[in-house]
Amino acid sequence: MNAVEQVQQTIKEALQQAILKARLTDTEGMPAIQLETPRDKVNGDYATNIAMQLTKLAKKPPRAIAQEILDNLETAGTVIEKIEIAGPGFMNISIRKDYLTEVVIAVLEQGADYGRSKAGGYVKIQVEFVSANPTGDLHLGHARGASVGDSLSNVLDFAGYDVSREYYINDAGKQINNLAYSIEARYKQALGIDAEMPEDGYHGQDIINIAQAQEKEFGDALLQKNEEERFAHFRSYGLQIELGKLQQDLADFRVNFDEWFSETSLYENGKIDVALNKLRTNGHVFVEDGATWFRSTTFGDDKDRVLIKNDGTFTYLTPDIAYHGDKIARGFEKLINIWGADHHGYIPRMKAAIQALGNPEDMLEVSVIQMVQLYKDGEKMKMSKRTGKAVTMRELVEEVGLDAVRYFFAMRSGDSHMDFDLDLAVSQSNENPVYYAQYAHARISSILRAAQEQGFTASDEHLVLLQAEKEIDVLKKMGDFPQVVAEAAKHRSPHRVATYIQELATTFHSFYNAEKVLDPTNEDMTRARIALITAVRTTIANALRLIGVSAPEKM
RNA sequence: GCCCUCGUGGUGCAAUGGAUAGCACGUAAGCCUCCGAAGCUUAAAAUGUGAGUUCGAUUCUCGCCGAGGGCGCCA
């Protein structure tokens, strides 16, 4: 517990004591006391709506309850400087100014860990995201999914969850066969043979490149192999290349996974049968029209789903159920899947499967990431000019820059349909929001460099001097960070961190314009302010790190 | 037709059921002999619509209107 949390804890305990003393409820009925930071600072440093929450229990109007709490509250000698009733029954609390500066000490002590908390209780949680088929390049939508998934994972980790990031490789189904056939066709074409692409083939440039590389390496030698061998070769080779490319693209996007889980391994380890048997044992499977079905309607799906087709092969659902069964068997208490909006119709059957395997429905959470629309020159732009295909993640990063892409996706809630303004993201000017936060970090770095040259050092001995309005604003905003992270984790909304970064940068810039940090005529104040801005820089860097954006010392 | 997501200033987005609805772009007016003006200050401008639940609704429920997505023994 850092210094700020201790202050909050002290206030909560004092309120609880007062409530008990006033006999408004007993220990059993005591609601959790929420301290929020009021929007408007005339309403104090903290506010609580506890009096409103107690209306039902105490059967009195909120303001009367608030008054009774006040009458029984011991404030002498505590951090509470002032407490008053406001509006419909809020209790606004001002704390002694010398306690506000505790946050600076907390940040300087915790450094890169400032903002970390135990809010998540170390629940074992798995986040599965991207999971694009290894049959081509990642595109725009994957970039958003990767950004949101990675940011969410970072936030969960920081908020005290035990997080694992996982990518599910669809390396077993029909699409991989199509990949192999597509490479084969391109290979033949590279040899000058008239070959037709398969009906559901992949027409991307990457496939042509792979085939041409094969032609260079083997000439026509692969034609000598029998069809089965050649197919197996293209299949495994294509998979290796495509997967390697995915991994590289994601690493370059600052997204790293703990586990790359192969669909094929489910077949090899017999896990599909394990899952099917469990569904059968639990009575959720039936046979009809020559197919084997999962009675998902038992769990609210709008129709039952085929598991084994009448040709004896599995539908895509079957290994997916086995996969989720395996996740649970590995001990995860919570599964979060991040899916594109085009898969959202799949949620009810997957949730049904989770339940059919004997688990609570809410064990699986699916975050749906809505579509991204690129705009350039005010016009909708779906296709890449270069390739005529959907814009790839790599192209987007090349054009816009990694930080801007990560920031733009991190800014938005995943469930909002998003318009990505390419001109704004590309612009290297004050119009671009990513620079705003980075600029604050660079600016502080610059001041600290100057401080060092002039022989100033930080000191936490004179923090009490930080009394100016803008300084108080910065202190309070900085103190909010751990709670912001915890809330972002709880609501699975990493974009709240981006919103926070914006706010913290604003309070800093505003402070900067109002007060001079380096002042040779006031060394104590200077040293206190250096401590303050050092803490701000750490907080901004930590927050930027959570959303995968760099914190530059110079720009 | 059924299901899901979303409707907030001119535009793009925020807001655990709480106080005077935030931010950015754009618009208008100011601020650098001074630590980085990619900054600051000020102004105008918004909850699609109709009911309901509640002390209190941008938030929850239902209807309507609008946008996107999904409804396969494809993945």
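So that the names make sense, note that chain A is the first sequence line, chain B the second, and so on, each numbered from 1. Small disclaimer: the values here were computed from a predicted structure and weren't measured.
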Base, sugar-phosphate, or nothing for [X], non-hydrogen atoms under 4.0 angstrom?
X: A:E263; answer: nothing
X: A:E553; answer: base
X: A:A442; answer: base
X: A:M52; answer: base
X: A:N310; answer: base
X: A:R496; answer: sugar-phosphate
X: A:D415; answer: sugar-phosphate
X: A:N92; answer: base
X: A:K303; answer: sugar-phosphate
X: A:S413; answer: sugar-phosphate
X: A:E36; answer: base

Quick check on B:A37: is either OP1 or OP2 less than 4.0 Å from any side-chain nitrogen or oxygen of A:R443?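 So the side chain of A:R443 is within the cut-off, an N or O lying under 4.0 Å from OP1 or OP2 of B:A37.
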
Distance test, side-chain N/O of A:T499 to OP1/OP2 of B:C13, below 4.0 Å: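 Checking B:C13 against A:T499, no side-chain N or O comes under 4.0 Å of OP1 or OP2.
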
Check the pair A:I347, A:H344 against side chain to side chain contact (heavy atoms under 4.5 Å, CB included), reporting the backbone distance first and the verdict last. CA-CA 6 Å; A:I347 296 171; A:H344 82 256; 4.1 Å; yes

Among B:C40, B:G68, B:C35, which nucleotide has an atom closest to any side-chain atom of A:H344?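 Looking only at side-chain atoms, A:H344 lies closest to B:G68.
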
Nearest to the side chain of A:N513 - B:A14, B:C35, B:G39?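 Ranking B:A14, B:C35, B:G39 by closest atom to the A:N513 side chain puts B:G39 first.
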
B:A75 base / A:Y316 side chain donor-acceptor hit below 3.5 Å: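 Yes, the side chain and the base share a sub-3.5 Å donor-acceptor pair.
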
Who pairs with [N] - Watson-Crick or G-U, where each distance is under 3.5 Å:
N: B:C6; result: B:G66
N: B:G12; result: B:C23
N: B:G36; result: none

Between B:C25 and B:U41, how far is it from one P atom to the other, in whole Å?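 It comes out at 12 Å once rounded to the nearest Å.
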
If we take the P atom in both B:U16 and B:U61, what is their distance in whole Å?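 Pairwise P distance, B:U16 against B:U61, rounds to 15 Å.
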
A:Q454 or A:A341: which one's nearest nucleotide on RNA chain B is closer to the 5' end?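 In this pair, the answer is A:Q454.
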
Hey, which sits more toward the 5' end of RNA chain B by its nearest nucleotide, A:Q53 or A:D304?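 Taking each residue's closest nucleotide, the earlier one in sequence belongs to A:Q53.
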
Ring centres under 6.0 Å, that's the criterion: do A:F261 and A:Y167 meet it?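 When the ring centroids of A:F261 and A:Y167 are compared, they turn out to be at least 6.0 Å apart.
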
What orientation do A:Y346 and A:H343 show, parallel under 30°, tilted 30 to 60°, or perpendicular over 60°?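 Aromatic pair A:Y346/A:H343 classed perpendicular.
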
Exactly one of A:E166, A:E365, A:H324 should register a side chain to side chain donor-acceptor pair (under 3.5 Å) with A:N337. Which one does?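 The single option meeting the side chain to side chain donor-acceptor pair (under 3.5 Å) with A:N337 is A:H324.
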
